[in-house]
Asks: 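Supplied in structure tokens, the structure appears directly below.
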Amino acid sequence: MKFRNFKMIGYVIYGRGSFDQLDEILEPNRKTGLPMIFLVDHFFENKPLIKRIPAKGNDKIIYADVTDEPKTKYVDSIAKQLKDEFGTISGIVGIGGGSTMDLAKAVSLMMNNPGSSADYQGWDLVKFPGVYKVGIPTLSGTGAEVSRTCVLTGPTRKLGMNSDFTPFDQIVLDPALTTNAPTNQRFYTGMDCYIHCIESLQGTYLNEFSKSYGEKALELCQEVFVKKNSWDDDSDDKLMMASYAGGMSIAYSQVGVAHAVSYGLAYLLGTKHGIGNCIVMNHLEEYYPAGVKEFRKMVEKNNITIPTGICKGLNDEQFDTMINVSLGMKPLWENALGKDWEKTMTRDKLRKLYEKL
Ligand code: NAD
Ligand code: ZN
């Protein structure tokens with residue numbers, strides 16, 4: 001048995017208003033003459049948050065276009081722009097949802113690694129540490145703030161740059177930044193966390209480390225989406241910690257069926273991560289009966305509509321593409337169904353599942 005020796009994030013600050021300590025946090029990490037780059041979710045352009053960003057000297061604010069989830073080409077173009085303009089930089093601060101945080105991680109790595117980010121999609125392919133990087137979530141649920149990956153769609157695959165160099169050096173968890181996120185978006189991203197917990201807690205990779213974090217994250221999600229009758233600051237506080245704990249849980253285990261199937265949708269149809277997971281989860285009673293029952297209860301209670309019929313009219317070739325992408329996520333299937341997963345999840349069975357979505 002070989003145990004995973006995993007790299008954690010460097011520093012964590014948590015609390016409402018902790019964003020305002022960013023200046024003092026960054027100060028010792030500034031290198032003379034080299035700018036700090038703030039990569040900010042385009043949602044915040046012209047919003048009050050921009051005035052609170054401690055940009056000075058030749059620092060630069062770049063708005064991240066997250067209309068589509070991050071692509072390797074986009075990462076490469078931001079890194080090239082920064083190299084052309086500055087040579088190198090003091091660091092990069094990603095402020096936004098999972099997409100912006102993943103972009104910031106990837107750009108940090110590409111400042112110090114040759115070639116294209118597509119060359120590093122996989123496990124432990126990144127050669128050199130990136131520049132100093134900070135993650136500041138404005139949506140809670142993905143766990144991207146703690147994970148050792150940054151998910152990218154490249155020319156041939158949708159896969160992260162998984163490496164010990166990928167985790168942030170610093171994260172700033174300020175739940176006030178998630179206030180006022182649209183109800184649907186908050187639900188979809190929140191459900192990413194809920195689904196991480198179900199998949200981790202029912203997976204074959206589970207150990208006590210993962211379980212401890214997974215159970216806490218699940219409990220917090222249930223308080224927010226099942227027990228409470230309306231959204232308040234306490235919901236944001238709890239969901240931010242749920243995301244963190246959910247991310248810690250999968251750091252030592254893996255996700256499962258919902259994610260494996262949802263990756264196929266994302267690759268072929270561009271379905272977003274949170275909503276894609278929800279679309280799939282809705283049909284997984286065979287694998288996660290209790291989780292799916294509770295999931296449906298949360299959908300109803302929070303007045304959310306989950307899209308249906310998204311695979312209607314697809315042809316054989318398109319179904320095959322999704323099936324190939326999905327079955328390629330071997331560790332996810334093994335975690336969900338055990339070592340003999342290929343006997344349970346045949347191409348035919350997966351096709352029937354996709355047809356239902
Ligand atoms: P997102 O980052 O894609 O953002 C979704 C939308 O919400 C965008 O339109 C964005 O502009 C907007 N938004 C962000 N913050 C907001 C706020 N406070 N108020 C209003 N709107 C806001 O959504 P997400 O669900 O956080 O992230 C999904 C991404 O995370 C995917 O790209 C997925 O691959 C990635 N992901 C990464 C990991 C990891 O471990 N690295 C894990 C899970 C998911
Ligand atoms: Zn996820």
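Atoms considered below: every heavy atom in the structure, side chains included; atoms not considered: hydrogens, waters and symmetry mates. Counting convention: from 1, in listed order, for ligands and their atoms alike.
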Asks: Considering heavy atoms of the protein only, find what lies nearest to atom 3 (O) of ligand 1 and give residue, atom and distance to 0.1 Å.
Replies: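 That would be Ser99 OG, 2.7 Å.
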Asks: Taking atom 25 (O) of ligand 1 as the point of reference, which of Asp236, Thr189, Ile250 owns the nearest heavy atom?
Replies: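 Considering heavy atoms of Asp236, Thr189, Ile250, the nearest to atom 25 (O) of ligand 1 sits in Thr189.
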Asks: Among all protein non-hydrogen atoms, which one is nearest to atom 19 (N) of ligand 1, and what is the separation to 0.1 Å?
Replies: Phe43 CE2, 3.3 Å
Asks: Starting from atom 14 (C) of ligand 1, what is the nearest protein heavy atom, named by residue and atom, and what distance separates them?
Replies: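 Minimum-distance protein heavy atom for atom 14 (C) of ligand 1 reads Asp41 OD2, 3.2 Å.
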Asks: Can a salt bridge be assigned to the pair Lys56 and Glu27 using a cut-off of 4.0 Å between side-chain N and carboxylate O?
Replies: yes
Asks: May I ask you to check if ligand 1 and Ser147 share an N or O to N or O distance below 3.5 Å?
Replies: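 Yes, since at least one N or O of Ser147 sits under 3.5 Å from an N or O of ligand 1.
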Asks: When you compare the side chain of Tyr132 with that of Met36, does any pair of heavy atoms fall below 4.5 Å?
Replies: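 They are in side-chain contact.
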Asks: Should Lys272 be counted as touching ligand 1, given the test is an N or O pair under 3.5 Å?
Replies: no
Asks: Is a salt bridge present between Asp76 and Lys80, judged by a nitrogen-to-oxygen distance below 4.0 Å?
Replies: no
Asks: Using a plain distance cutoff, I'd like to know if Asp102 has any nitrogen or oxygen under 3.5 Å from a nitrogen or oxygen of ligand 1.
Replies: yes
Asks: Check each heavy atom of Phe44 against ligand 1 and say whether those closer than 4.0 Å belong to the side chain, the backbone, both or neither.
Replies: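 Under 4.0 Å from ligand 1, Phe44 contributes side-chain atoms alone.
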Asks: Heavy atoms only: which of Thr100, Val66, Leu49, Val40 lies closest to atom 9 (O) of ligand 1?
Replies: Val66
Asks: Distance to 0.1 Å, residue and atom name: give those for the protein heavy atom nearest to atom 34 (O) of ligand 1.
Replies: Val151 CB, 3.5 Å
Asks: When you measure from atom 6 (C) of ligand 1 to every protein heavy atom, which one gives the shortest distance, and what is it?
Replies: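 Among all protein heavy atoms, the one nearest atom 6 (C) of ligand 1 is Gln185 OE1, 3.6 Å.
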Asks: Between the Zn ion (ligand 2) and Asp192, which N, O or S atom of the residue is the nearest one?
Replies: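 Asp192's closest N, O or S atom to the Zn ion (ligand 2) is named OD1.
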Asks: Heavy-atom pairs closer than 4.0 Å: do any link ligand 1 to the side chain of Pro137, the backbone, both, or neither?
Replies: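 It is neither; nothing of Pro137 touches ligand 1.
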Asks: Decide whether Glu334 and Thr204 meet the rule of one side-chain donor and one side-chain acceptor closer than 3.5 Å.
Replies: no
Asks: Got the closest protein heavy atom to atom 23 (O) of ligand 1, with its distance?
Replies: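 Looking at atom 23 (O) of ligand 1, the protein heavy atom closest to it is Leu139 CD1, 3.6 Å.
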Asks: Pick whichever of Thr153, Thr142, Thr138 has a heavy atom sitting closest to atom 17 (C) of ligand 1.
Replies: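 Answer by nearest heavy atom: Thr138.
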Asks: With side-chain contact (heavy atoms from CB on, under 4.5 Å) as the test, pick out the partner of Tyr287 among Gln202, Met345, Glu199.
Replies: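 The passing option is Met345.
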Asks: Under 4.0 Å, heavy-atom basis, I'd like to know which part of Thr67 is in contact with ligand 1: side chain, backbone, both or neither.
Replies: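 It is neither part, as no heavy atom is under 4.0 Å.
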Asks: Would you call the rings of Phe187 and Phe295 parallel, tilted or perpendicular if under 30° counts as parallel and over 60° as perpendicular?
Replies: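 The rings of Phe187 and Phe295 sit tilted, inter-plane angle from 30° to 60°.
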Asks: Side chains of Asp192 and Thr142: is there a donor and an acceptor less than 3.5 Å apart?
Replies: no
Asks: If the plane angle is over 60° it's perpendicular, under 30° parallel, otherwise tilted; pick one for His273 and His196.
Replies: tilted
Asks: Report the angle formed at the Zn ion (ligand 2) by atom NE2 of His259 and atom NE2 of His196, rounding to the nearest 10°.
Replies: 90°
Asks: Between ligand 1 and Gly96, is the shortest N or O to N or O distance under 3.5 Å?
Replies: no
Asks: Should Glu285 and Lys293 count as an ion pair when the cut-off is N to O under 4.0 Å?
Replies: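 So Glu285 does not pair with Lys293 through a salt bridge.
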Asks: Starting from atom 26 (O) of ligand 1, which protein heavy atom do you reach first, and at what distance in Å?
Replies: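 For atom 26 (O) of ligand 1, the nearest protein heavy atom is Gly98 N, 2.8 Å.
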Asks: Between the main-chain N or O of Thr149 and the side-chain N or O of Lys105, is there a donor-acceptor pair closer than 3.5 Å?
Replies: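 Answer holds: yes.
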Asks: Could you tell me whether Glu300 and Arg296 make a salt bridge, using a distance below 4.0 angstrom between a side-chain N and a carboxylate O?
Replies: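 No.
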Asks: Are side-chain N/O atoms of Asn335 and Tyr205 paired as donor and acceptor at under 3.5 Å?
Replies: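 Absent: no donor and acceptor within the cut-off.
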